[in-house]
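Letters A, B, ... are given to chains in the order of the sequence lines, protein chains preceding strands, and every chain is numbered from 1. From a predicted model like this one, the values you see are computed outputs, not experimental measurements. Keep in mind that the numbers below use all heavy atoms, side chains included, and drop hydrogens, waters and symmetry copies.
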There are 2 protein chains.
Amino acid sequence: MRLTAKGRYAVTAMLDIAVHQEKGPISLADISERQGISLSYLEQLFSKLRRNELVSSVRGPGGGYKLSRDAGDIFVAQIVDSVDETVDATKCAGRANCQHGETCLTHELWADLSEQIHQFLSSIDLATIIANRTVREVADRQDAHQEENIERALAQEA
Amino acid sequence: MRLTAKGRYAVTAMLDIAVHQEKGPISLADISERQGISLSYLEQLFSKLRRNELVSSVRGPGGGYKLSRDAGDIFVAQIVDSVDETVDATKCAGRANCQHGETCLTHELWADLSEQIHQFLSSIDLATIIANRTVREVADRQDAHQEENIERALAQEA
DNA sequence: CAATACTTGACTAAAAAAGTCGGGTATTAC
DNA sequence: GTAATACCCGACTTTTTTAGTCAAGTATTG
């Protein structure tokens with residue numbers, strides 16, 4: 001399990017789609033502009049996300065990407081795994097100095113930990129992230145009236 | 001929060017010390033041989049671990065490194081943070097296209113998630129990893145309390 | 001004093017990340 | 001049917017990080 005900027009970009013882009021999905025397919029150009037990620041780089045990432053069946057594409061004008069299934073059925077670990085192409089994990093396989101069991105001990109300890117992290121990320125879905133966020137936003141708006149300005153700005157943009 | 005081979009090496013080395021700590025200070029040469037990590041590279045990592053007061057050093061013959069405190073008081077997140085020197089996290093700070101609030105939305109969503117991962121790794125200490133060879137119990141406990149953790153994290157943020 | 005082992009900083013090769021470029025192909029709207 | 005949109009794909013470049021090396025120390029023990 002790796003966790004790097006590449007995975008963050010992918011998760012961010014997926015969240016962007018999840019947030020705007022009621023507008024129909026979302027073009028990479030839109031995501032690029034909103035999230036500040038280069039278009040060509042997004043194409044690379046979405047090529048992998050599509051191959052892993054996390055998104056489906058609609059070509060032609062008005063096209064773009066949409067989530068391949070409900071946001072509640074897409075988990076962070078799946079996104080990260082799709083773009084990061086995790087390898088070996090232990091690299092203990094063909095290791096020369098891994099005979100006397102000593103090495104394998106801590107390698108296995110790490111593998112356990114790695115598995116825990118993976119399980120944790122497998123339990124967080126996009127819908128949960130967005131839902132919690134939305135709830136909080138509503139609460140904030142009720143408290144502070146300044147939020148209305150931001151809402152107007154967002155409405156205009158769409 | 002980043003999670004890369006560098007952090008894995010550091011955690012592995014710390015686990016190695018924790019496993020052998022009853023033998024007194026552990027030399028980097030021993031760790032290098034057991035874990036297959038180059039001595040000079042370990043020196044770099046332990047320079048940072050020492051500065052972050054996760055280990056203390058004993059010089060001279062028979063010297064080496066030992067844990068600066070009980071294994072139960074050293075958490076995975078501390079080790080990873082020490083060697084990875086996490087930066088910005090959102091990079092949203094001086095971003096040009098981050099004015100109309102839209103960008104900040106998903107950036108914050110990612111920040112929430114990142115914080116959750118960090119909290120998770122902050123809950124795993126070395127003693128626990130070593131005690132439970134197969135650490136399912138902890139994983140299960142985490143699963144049970146996970147929804148609460150998410151709620152707490154979001155509540156705190158506000 | 002000599003061997004051990006940590007300490008530090010500068011340097012380098014290799015890999016990965018991030019971004020670019022140039023050509024495609026499918027689809028829609030006019 | 002043609003032009004515009006937007007996905008699709010592979011090769012390429014740049015930049016950053018990783019991982020490792022080298023060389024010169026300092027402190028401690030036996």
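- Atom pair A:Arg51:CZ and D:dC8:C1' shows a separation of 10 Å (rounding to whole Å applied).
- Atom NZ in A:Lys48 sits about 13 Å away from atom P in D:dC9, given to the nearest Å.
- At whole-Å resolution of the value, CG in B:Leu42 and C1' in D:dA19 are 11 Å apart.
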Walk me through it: do A:Phe75 and A:Leu121 pass the test side-chain contact (heavy atoms from CB on, under 4.5 Å)? CA-CA 7 Å; A:Phe75 298 90; A:Leu121 291 183; over 6 Å; no

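- Atom-to-atom, CD of B:Gln35 to C1' of D:dA19 comes out at 17 Å; the value is rounded to the nearest Å.
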If a protein heavy atom is under 4.0 Å from the base, mark B; if only from the sugar-phosphate, S; if neither, -; do that for nucleotides 10-17 of chain C going 5' to 3'. ------SS

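- Checking B:His118 against B:Asp81 by side-chain atom types alone, a donor-acceptor pair falls below 3.5 Å.
- Listed by chain and number, the residues in a side chain to side chain donor-acceptor pair (under 3.5 Å) with A:Ser47 are A:Arg51 (sequence neighbours excluded).
- Side-chain contact between A:Ser32 and A:Leu42: present, with at least one pair of heavy atoms (C-beta onward) separated by less than 4.5 Å.
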When the side chains of residues 62-72 of chain B are checked against the rest of the protein, which donor-acceptor pairs come out under 3.5 Å, sequence neighbours left out?
| unit_1 | atom_1 | unit_2 | atom_2 | d |
| --- | --- | --- | --- | --- |
| B:Ser68 | OG | B:Glu53 | O | 2.7 |
| B:Ser68 | OG | B:Leu54 | O | 3.1 |
| B:Arg69 | NE | B:Asp73 | O | 2.9 |
| B:Arg69 | NH1 | B:Glu53 | O | 3.2 |
| B:Arg69 | NH2 | B:Gln78 | OE1 | 3.2 |
| B:Asp70 | OD2 | B:Gly72 | N | 2.9 |

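- Here B:Glu43 pairs with B:Leu28, B:Leu39, B:Ser40 under the side chain to side chain contact (heavy atoms under 4.5 Å, CB included) rule; sequence neighbours left out.
- Electrostatic pairing of B:Arg34 and B:Asp16 counts as a salt bridge here, judged by a charged N lying under 4.0 Å from a carboxylate O.
- Counting only heavy atoms from C-beta outward, the side chains of B:Arg8 and B:Thr12 approach each other to under 4.5 Å.
- Note: CG (A:Leu45) to P (D:dC8) measures 14 Å, nearest angstrom.
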Enumerate the protein-to-nucleotides 3-7 of chain C contacts in which both atoms are nitrogen or oxygen and the separation is below 3.5 Å.
| unit_1 | atom_1 | unit_2 | atom_2 | d |
| --- | --- | --- | --- | --- |
| C:dA5 | O4' | B:Gly60 | O | 3.4 |
| C:dC6 | OP1 | B:Leu28 | N | 3.2 |
| C:dC6 | O3' | B:Ser57 | OG | 3.3 |
| C:dC6 | O2 | B:Arg59 | NH2 | 3.4 |
| C:dT7 | OP1 | B:Arg50 | NE | 3.4 |
| C:dT7 | OP1 | B:Ser57 | OG | 2.5 |
| C:dT7 | OP2 | B:Tyr65 | OH | 2.3 |
| C:dT7 | O4' | B:Arg59 | NH2 | 3.2 |

